[in-house]
Amino acid sequence: MTDSLVLLDHTADGTLRAPVRELVTIARGLGGAVHGVWAADGAELDPGALAELGALGVSRVHRVSADADLHLSAVLAEAVASLLDATGAGVLLATSTFENKEVAARLAILTGAGVVTDADGLVVEDGRLVASKTVFAGTWNTRCAVTAPLAVVTLKANSVAVSPAEGAGVPDVVEHAVTASAAARRVVLVERSERPDSGRPDLGSAHVVVAGGRGTEGDFTLVEELADVLGGAVGATRVATDEGWIGHDAQIGQTGVTVSPRLYIGVGVSGAVHHRGGMQASGTIVAINSDPDAPIFEIADFGVVGDLNAVLPQLTQELRRLKQV
Amino acid sequence: MRHGRGNVPRVRIVVCVKHVPDIQSDRTLGADGRVVRDGGDGTLNELDENALEAALTLAEASGGEVVALTVGPDDAVDAVRKGLQMGADEAVHVLDDAIAGSDAVGTARVLAAAITRIGADAPVDLVVTGMAGLDGLTSLLPTALAALLDVPALPLAAEVSLDGTTVRVRRNLDHASEVLEAALPALVSVTDQANEPRYPNFKGIMAARKKPVTTLTLSDLGLAASDVGLAGARTQVVEAAARPAREDRVLINDQGDAGTQLAAYLVENQLA
Ligand SMILES: Cc1cc2nc3c(=O)[nH]c(=O)nc-3n(C[C@H](O)[C@H](O)[C@H](O)COP(=O)(O)OP(=O)(O)OC[C@H]3O[C@@H](n4cnc5c(N)ncnc54)[C@H](O)[C@@H]3O)c2cc1C
Ligand SMILES: Nc1ncnc2c1ncn2[C@@H]1O[C@H](COP(=O)(O)O)[C@@H](O)[C@H]1O
């Protein structure tokens, strides 16, 4: 039985980020109470989201406020540390964003916690927490036990199926106010701009991702049309983002976003090792590339050797037709 | 901080560089769950070339100096040598069998102690690291190191600049971009967007031969073996296996109907 705290990542307007539901599902499996942590960073939790968290098994939400900006990871880490202390929870779960990894690193120093990042599962085994994760660009599966009394685990999106809890109610909300240390205030947040909503699913947690590479020669229209018929997100290689064909936030790979959707489709993508590092753990991998020797075919479940300008319009049209019947 | 020409503060920078298995090679984990690091095809973590470039550029602007620092086995000295060839002034290699198996916190403890020691000669104004090690990709080290050194952390800089004794970075996060600022001393991690790393030229390679490389052990740093390595780690790999190859793979040549075939495959597998 391990009580857990789940960091409730949310948008600037207070909408829960999709992977938070997976975190709650995983936390429930640990057998203890599941508490949510809401950072009051300007956005507030609406009643609908609170009820949804209750249905998933969250019994209490801690609304954390600070006398400094909670967007600063050092401030958020101190707030979470004091909450871990106050609740006696044995594990903090968070999504695998860059900011949360900063929080995790600070918590390791502040609390002595053992940290696992980019996990895709977490269970209790012989009284220990054991996280699973893939490493080396998705080519190895590992399981990692936390040997410290406190665990901080960041989880990748699309790791588990979300399921509702039995006998759930609406969580109570309790306030937790903290005073940030002088050390945490030394970084000044001069400017923060939230990325505008693309209208498509969030790349990091989408169930379907269509990625375009150099082969698109800069025109992402066909890639976007395919993504839209599949309800997916649009991603890209670094070549495409460096060329300015699409924003840097679309870059998938070792130095970009890590994706593990149910379906990844690479279009005019060669499958360089740096790119593979960010998508190789995807469920089904499809590749469309005119070069039969492209490395992406080594990992594709379904590969098409062909010109994307011929294959994509036909594919999109056929999918539209099949959806109508 | 010392002052150079025209009273411009001269920065002294420590840049942390890591020796990692080449990502183009077949990387493996041993029975103990640790990265096999003796394959001989290790290399300087590519992303640390960006860290070196950032450190050198910032130091050159003020006539400052750069110390390249690595923690790792014998081969790891190659990582700091590459740093010297690119233009770093001196190098420190922390080498001790007890360090093997360290987690991010263990490594951060060693680096922090080494930076404190380097700072005893002359104050360190800035620590620069890469955004991630391409072996573990945890990105935990920079923030943990800043916390131990008790200096502000400005991670993931896509742009970094120094204005007197203030460091400023622009960074792109998962859902937002930010500008952060802090007074020196501070720690910055830089991404591969930050710059285009220089190649060592012939002159740089020759000059590097004469530059000092100091090797330190844990006891030189006043650290106990129990603080680091497997002994100090808070996580333990209990299982590691190469992922089985994907089965039932299909590869077709487009004969004019590949789009239709692919659509059928997606629908059949409930992916569309
Ligand atoms: C430190 C470092 C970090 C990096 N990080 C990343 C990262 O995070 N993500 C990333 O993606 N890259 C990263 N890279 C870059 C990476 O090494 C590759 O250069 C990049 O992924 C290649 O992009 P690409 O597949 O679009 O281009 P290319 O490798 O040029 O491939 C284009 C492909 O399109 C195919 N093609 C061309 N025309 C057509 C057509 N009409 N129809 C179908 N196919 C066509 C070609 O056959 C080719 O295979 C990094 C590099 C470094 C050094
Ligand atoms: N053993 C090491 N020696 C020197 N620098 C390191 C070491 N490990 C990590 N670093 C630095 O920390 C950065 C992030 O590494 P990591 O947190 O392991 O992904 C790297 O880019 C290096 O700059």
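Quick note on labels: first sequence line is chain A, next is B, and so on, each numbered from 1. Atoms considered below: every heavy atom in the structure, side chains included; atoms not considered: hydrogens, waters and symmetry mates. A quick note: this is a predicted structure, and the numbers were derived from the prediction, not measured.
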Quick one: do B:Asp174 and A:Arg17 satisfy salt bridge (charged side-chain N to carboxylate O under 4.0 Å, His left out)? Show the steps, please.
CA-CA 12 Å; B:Asp174 301 72; A:Arg17 298 263 179 218; over 6 Å; no
Checking side-chain hydrogen bond (donor to acceptor under 3.5 Å, both in side chains) against A:Asn100, which of A:Thr117, A:Asp9, A:Thr154 comes through?
A:Asp9
For the pair A:Ser181 (side chain) and A:Ala184 (backbone), establish whether a donor and an acceptor sit closer than 3.5 Å, ignoring hydrogens and angles.
yes
Measuring heavy-atom distances to chain A, does B:Ala158 have an atom under 4.5 Å in its side chain, in its backbone, in both, or in neither?
neither
Relative to chain A, which segment of B:Val167 carries a heavy atom at a distance below 4.5 Å: side chain, backbone, both, or neither?
neither
Contact check, side chains of B:Leu251 and A:Phe297, non-hydrogen atoms, under 4.5 Å
yes
So which of B:Gln236, B:Met131, B:Arg170, B:Arg109 has the biggest tally of heavy-atom pairs under 4.5 Å with chain A?
B:Gln236
With only heavy atoms counted, which part of A:Gln280 is less than 4.5 Å from chain B, the side chain, the backbone, both or neither?
backbone
So, the part of A:Thr134 with a heavy atom under 4.5 Å from chain B: the answer is side chain
Return yes if a side-chain donor-acceptor contact under 3.5 Å exists between A:Ser96 and A:Asp118, otherwise no.
yes
Engaged part of A:Ile288 at the chain B interface, taking heavy atoms whose separation is under 4.5 Å
side chain
Below 4.5 Å from any heavy atom of chain A, which atoms of B:Val238 appear? Answer side chain, backbone, both or neither.
both
Under 4.5 Å to a heavy atom of chain A? For B:Gln193 that would be side chain
Does atom CD of A:Gln317 have more than 12 heavy-atom neighbours from other groups under 6.0 Å away?
no
Looking only at B:Val267, B:Val250, B:Asp254, B:Leu180, the option with the highest number of non-hydrogen pairs under 4.5 Å against chain A is B:Val250
Out of B:Ala263, B:Ala258, B:Ser177, which one racks up the most heavy-atom pairs below 4.5 Å with chain A?
B:Ser177
Select one option (side chain, backbone, both, neither) describing which atoms of A:Val286 are under 4.5 Å from chain B's heavy atoms.
side chain
Is chain B contacted by the side chain of A:Val229, its backbone, both, or neither, given a heavy-atom distance below 4.5 Å?
neither
Go through the side-chain N and O atoms of A:Ser132 and A:Asp120 and say whether any donor and acceptor fall under 3.5 Å apart.
yes
So which part of B:Leu156 gets closer than 4.5 Å to some heavy atom of chain A, the side chain, the backbone, both or neither?
side chain
Of the backbone (N, CA, C, O) and the side chain (C-beta and beyond), which part of B:Asp150 lies under 4.5 Å from a heavy atom of chain A, both, or neither?
both
Engaged part of B:Thr260 at the chain A interface, taking heavy atoms whose separation is under 4.5 Å:
both
Heavy-atom count check: over 12 atoms from other residues, nucleotides or ligands less than 6.0 Å from A:His207 NE2?
no
Regarding B:Asn50 and B:Asp192, is there a side-chain donor-to-acceptor distance under 3.5 Å anywhere?
no
Below 4.5 Å, heavy-atom pairs only: which of B:Leu148, B:Asn253, B:Val151, B:Leu173 has the largest tally toward chain A?
B:Leu173
For B:Ala104, is it the side chain, the backbone, both, or neither that has a heavy atom closer than 4.5 Å to a heavy atom of chain A?
neither
Under a 4.5 Å heavy-atom cut-off, does chain B meet the side chain of A:Arg238, its backbone, both or neither?
side chain
Bottom line for B:Arg171: the part with an atom under 4.5 Å from chain A's heavy atoms is side chain
What part of B:Leu266 gets closer than 4.5 Å to chain A, counting heavy atoms only: side chain, backbone, both or neither?
side chain
Do you see a donor-acceptor pair shorter than 3.5 Å between the side chains of A:Asp291 and A:Asn289?
no
